[in-house]
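The figures here come from the full heavy-atom set of this structure, side chains too, leaving out hydrogens, waters and symmetry mates. Chain letters run A, B, ... following the sequence lines, proteins first and then strands; every chain starts at 1. The model shown is predicted, which means the values in this text are computed figures rather than measured ones.
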Number of protein chains: 2
Amino acid sequence: MARKSLVGVVADELLDRIIAGEFPPGSSVPGELELSAKHEVSRMTVREAMKTLEAQRILSVERGRGTFVNPLNRWASLEAVLRAASEGVNDASAAIQLIELRRMLETGACELAAGRISDAEIGTLHGYVAAMRKAHDSDDLAAFVEADLAFHDVILRASENVFVAVLFEPLHRVLEKRRTQTSKFRDIQEHAIGHHQAIAEALESRDAGRSRSAMDAHMQQTLDDLKTYVLEAKTA
Amino acid sequence: MARKSLVGVVADELLDRIIAGEFPPGSSVPGELELSAKHEVSRMTVREAMKTLEAQRILSVERGRGTFVNPLNRWASLEAVLRAASEGVNDASAAIQLIELRRMLETGACELAAGRISDAEIGTLHGYVAAMRKAHDSDDLAAFVEADLAFHDVILRASENVFVAVLFEPLHRVLEKRRTQTSKFRDIQEHAIGHHQAIAEALESRDAGRSRSAMDAHMQQTLDDLKTYVLEAKTA
DNA sequence: CAAATGTTAGATGTCTGACATCTTACAAAT
DNA sequence: ATTTGTAAGATGTCAGACATCTAACATTTG
């Protein structure tokens with residue numbers, strides 16, 4: 001684990017204070033000098049921390065006036081918004097919203113991919129389904145998750161839309177922890193294998209509507225699994 | 001127009017050189033000292049420029065080794081990817097991909113909004129449609145575009161999904177120039193009014209599928225308009 | 001000879017202190 | 001009452017220094 005640099009620590013702590021509501025949107029954060037005193041670092045270190053938050057559109061720096069907090073809907077960092085949205089009891093709501101978002105992108109990408117996917121990629125998809133089946137039989141969780149992720153990645157690339165891939169990347173990173181968590185259950189694995197098989201066949205038929213529906217069904221199942229196994233378990 | 005700070009200039013120029021292929025993904029960019037000499041600024045200025053690119057996941061800085069260019073699919077900035085994707089003759093392709101992406105998010109948000117939108121918001125939607133009609137009659141382009149944007153914004157909020165709003169924000173910013181461009185044509189305005197009317201009515205019925213279809217038809221029309229009026233005109 | 005260790009060059013990380021420039025508020029002059 | 005001057009406080013930039021990490025090479029050691 002790489003130790004965080006001072007800049008990273010300062011940026012994190014400042015973001016925490018913002019999320020905690022100490023500096024609401026529109027208000028200004030303390031000046032660079034004040035922050036450098038509070039965190040016991042030099043002004044340059046504070047400036048670099050500010051620059052990272054500014055690049056994520058969390059802060060707006062105005063020369064001569066100060067540094068201000070942007071409203072949450074202008075933040076450009078999914079991770080930061082996720083941290084803000086997971087405060088308090090909203091964690092379950094945030095998890096559901098993330099899957100809703102994933103559903104939009106994955107079903108959309110799948111619909112596009114139907115008209116663009118190559119025969120070789122179809123073959124690769126079937127290969128990953130077989131890998132999932134094998135991992136399921138030998139009870140290899142890591143291999144199962146890896147094949148699952150690779151399957152979706154092929155479809156994403158086949159959609160031939162760079163921007164979808166870019167927006168999906170941070171989502172992927174945020175969800176990958178949860179993925180391993182839900183894939184632990186053997187019956188969920190069985191459901192997933194069936195859905196992936198159906199998706200691969202739909203894409204093979206090059207039918208955009210059918211491909212979309214197949215992916216949509218998979219996403220619906222994922223949402224149901226999350227509610228049933230993860231969120232319910234948490235309340236118990 | 002606010003003059004760009006030196007940091008912004010350095011960051012922009014470095015990004016340009018990266019996009020031009022001078023530093024391909026995986027390779028390292030020149031050291032801070034070398035860059036500060038080339039751009040005739042201090043090392044701190046270069047560092048702050050690097051920090052902004054690092055925060056957008058365009059660069060990865062490794063202490064003691066150097067600073068490296070990330071593959072494009074890991075970049076977290078839609079704008080930067082757009083700049084990279086618009087190189088050469090791919091501009092038309094990039095424009096189409098952007099609308100494909102918008103289609104996914106808007107249709108998805110509309111589908112969610114159908115089950116969550118309030119009566120007051122429905123009223124607001126009809127109000128904006130009326131405003132579009134009025135702006136069309138009085139030939140007020142600015143008012144037309146404003147009502148159009150506000151209409152979509154209401155739906156986005158009604159979807160009650162923070163993450164969709166976050167991902168949509170940079171897209172909104174990128175597309176708003178083009179929006180004014182296409183809305184110039186009076187027959188496009190007429191098409192748009194009809195579609196917005198249909199979307200509002202679909203949402204009023206609280207039918208998720210119908211709402212999705214209505215928004216999807218609108219997006220299809222937008223795509224067609226782009227191809228017909230903007231892209232065709234460019235080749236002429 | 002091979003493995004462990006020391007050295008050094010080059011890169012990023014951080015600090016200190018200074019000056020420049022912009023914004024705002026307030027006081028003074030017209 | 002309007003304009004102008006002044007000063008305080010904020011960010012922007014600079015210069016130079018030292019610390020620390022990495023990688024490559026040289027050296028010592030078993």
Side-chain angles (χ1 to χ4, degrees), chain A residues 1-15 17-18 22-71 74-76, chain B residues 1-15 17-18 22-71 74-76:
Chain A
M1 176 78 88
R3 291 195 314 284
K4 279 203 172 167
S5 63
L6 280 183
V7 172
V9 171
V10 172
D12 261 10
E13 290 186 10
L14 185 54
L15 181 54
R17 293 172 73 186
I18 292 172
E22 192 170 343
F23 314 115
S27 72
S28 69
V29 299
E32 297 170 349
L33 235 157
E34 185 175 341
L35 284 177
S36 73
K38 169 157 292 189
H39 294 276
E40 295 183 334
V41 296
S42 77
R43 195 184 145 215
M44 297 313 301
T45 302
V46 171
R47 278 184 63 78
E48 293 190 6
M50 299 274 222
K51 269 278 175 298
T52 71
L53 296 182
E54 188 191 12
Q56 296 172 176
R57 299 182 189 279
I58 294 170
L59 296 178
S60 284
V61 181
E62 296 181 27
R63 178 172 184 173
R65 298 198 347 111
T67 304
F68 303 87
V69 180
N70 288 328
R74 281 193 193 157
W75 293 13
Chain B
M1 176 77 87
R3 292 195 315 283
K4 279 205 173 168
S5 64
L6 280 184
V7 173
V9 172
V10 173
D12 260 10
E13 290 186 11
L14 185 54
L15 181 53
R17 293 172 73 186
I18 291 172
E22 192 170 343
F23 313 116
S27 72
S28 69
V29 300
E32 297 170 348
L33 234 156
E34 185 176 340
L35 284 176
S36 74
K38 169 157 291 188
H39 293 275
E40 293 182 337
V41 296
S42 76
R43 195 183 147 217
M44 295 313 302
T45 302
V46 171
R47 278 184 63 78
E48 292 190 4
M50 299 275 221
K51 269 279 174 296
T52 71
L53 296 182
E54 188 192 10
Q56 297 174 150
R57 299 182 189 278
I58 294 170
L59 296 178
S60 282
V61 182
E62 296 181 27
R63 178 172 186 176
R65 296 197 349 109
T67 304
F68 303 87
V69 179
N70 288 329
R74 281 192 194 159
W75 293 13

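Residue E54(A) contributes atom CD, which lies 11 Å from atom P of dT11(D) at whole-angstrom precision. What separates CD of E62(B) from C1' of dT22(D) is a distance of 10 Å, to the nearest Å. One interatomic measurement links the two molecules: CD of E34(A) to P of dG9(D), which rounds to 12 Å at whole-angstrom precision. For K4(A) and dG13(C), the NZ to P distance is 15 Å, given to the nearest whole Å. Atoms CG (L33(B)) and P (dA17(D)) sit 13 Å apart, rounded to a whole Å. Going from atom CD of E48(A) over to atom C1' of dG12(D) covers 14 Å, rounded to whole Å. Rounded to an integer number of Å, the gap from NE2 of H39(A) to C1' of dT14(C) is 16 Å. The CD atom of E32(A) sits 15 Å away from the C1' atom of dG17(C) (whole-angstrom rounding).
Taking side-chain N and O atoms only, T67(A) has no distance below 4.0 Å to OP1 or OP2 of dA10(D). Not one side-chain nitrogen or oxygen of R63(A) sits closer than 4.0 Å to the OP1 or OP2 atom of dT23(C).
In this structure, of dC15(C), dT13(D), dG12(D), it is dC15(C) that holds the atom nearest to the side chain of V41(A). Picking from dC14(D), dT14(C), dG12(D) the nucleotide with the shortest atom distance to the side chain of K51(A) gives dG12(D). Checked against dT12(C), dT11(D), dT14(C), the side chain of S5(A) finds its nearest nucleotide in dT14(C). Here the nucleotide nearest the side chain of S42(A), chosen from dT11(D), dT14(C), dC14(D), is dT14(C). Nearest nucleotide to the side chain of V7(B), out of dT13(D), dT12(C), dC15(C): dT13(D). When each of dT12(C), dT14(C), dT13(D) is scored by its nearest atom to the side-chain atoms of L6(B), the top-ranked nucleotide is dT13(D). The R65(B) side chain lies nearest to dT22(D) when the options are dC21(D), dT13(D), dT22(D).
Take the nearest nucleotide of DNA chain C for M44(A) and for R43(B): the residue whose nucleotide is more 5' is R43(B). Comparing G31(B) and E40(A) along DNA chain C, the residue whose closest nucleotide (by nearest heavy atom) sits nearer the 5' end is G31(B).
Using a 4.5 Å heavy-atom cutoff, the side chains of I18(A) and L59(A) are in contact. Counting heavy atoms from C-beta on, the side chains of T67(B) and E62(B) never come closer than 4.5 Å. Proximity of V29(A) to E22(A): side-chain heavy atoms (C-beta onward) are nowhere separated by under 4.5 Å.
For W75(B) (side chain) and Q56(B) (main-chain N/O), no donor-acceptor pair under 3.5 Å exists by modelled atom type.
Salt-bridge annotation for E54(B) and K51(B): present, with a side-chain N of the basic residue lying under 4.0 Å from a carboxylate O of the acidic one.
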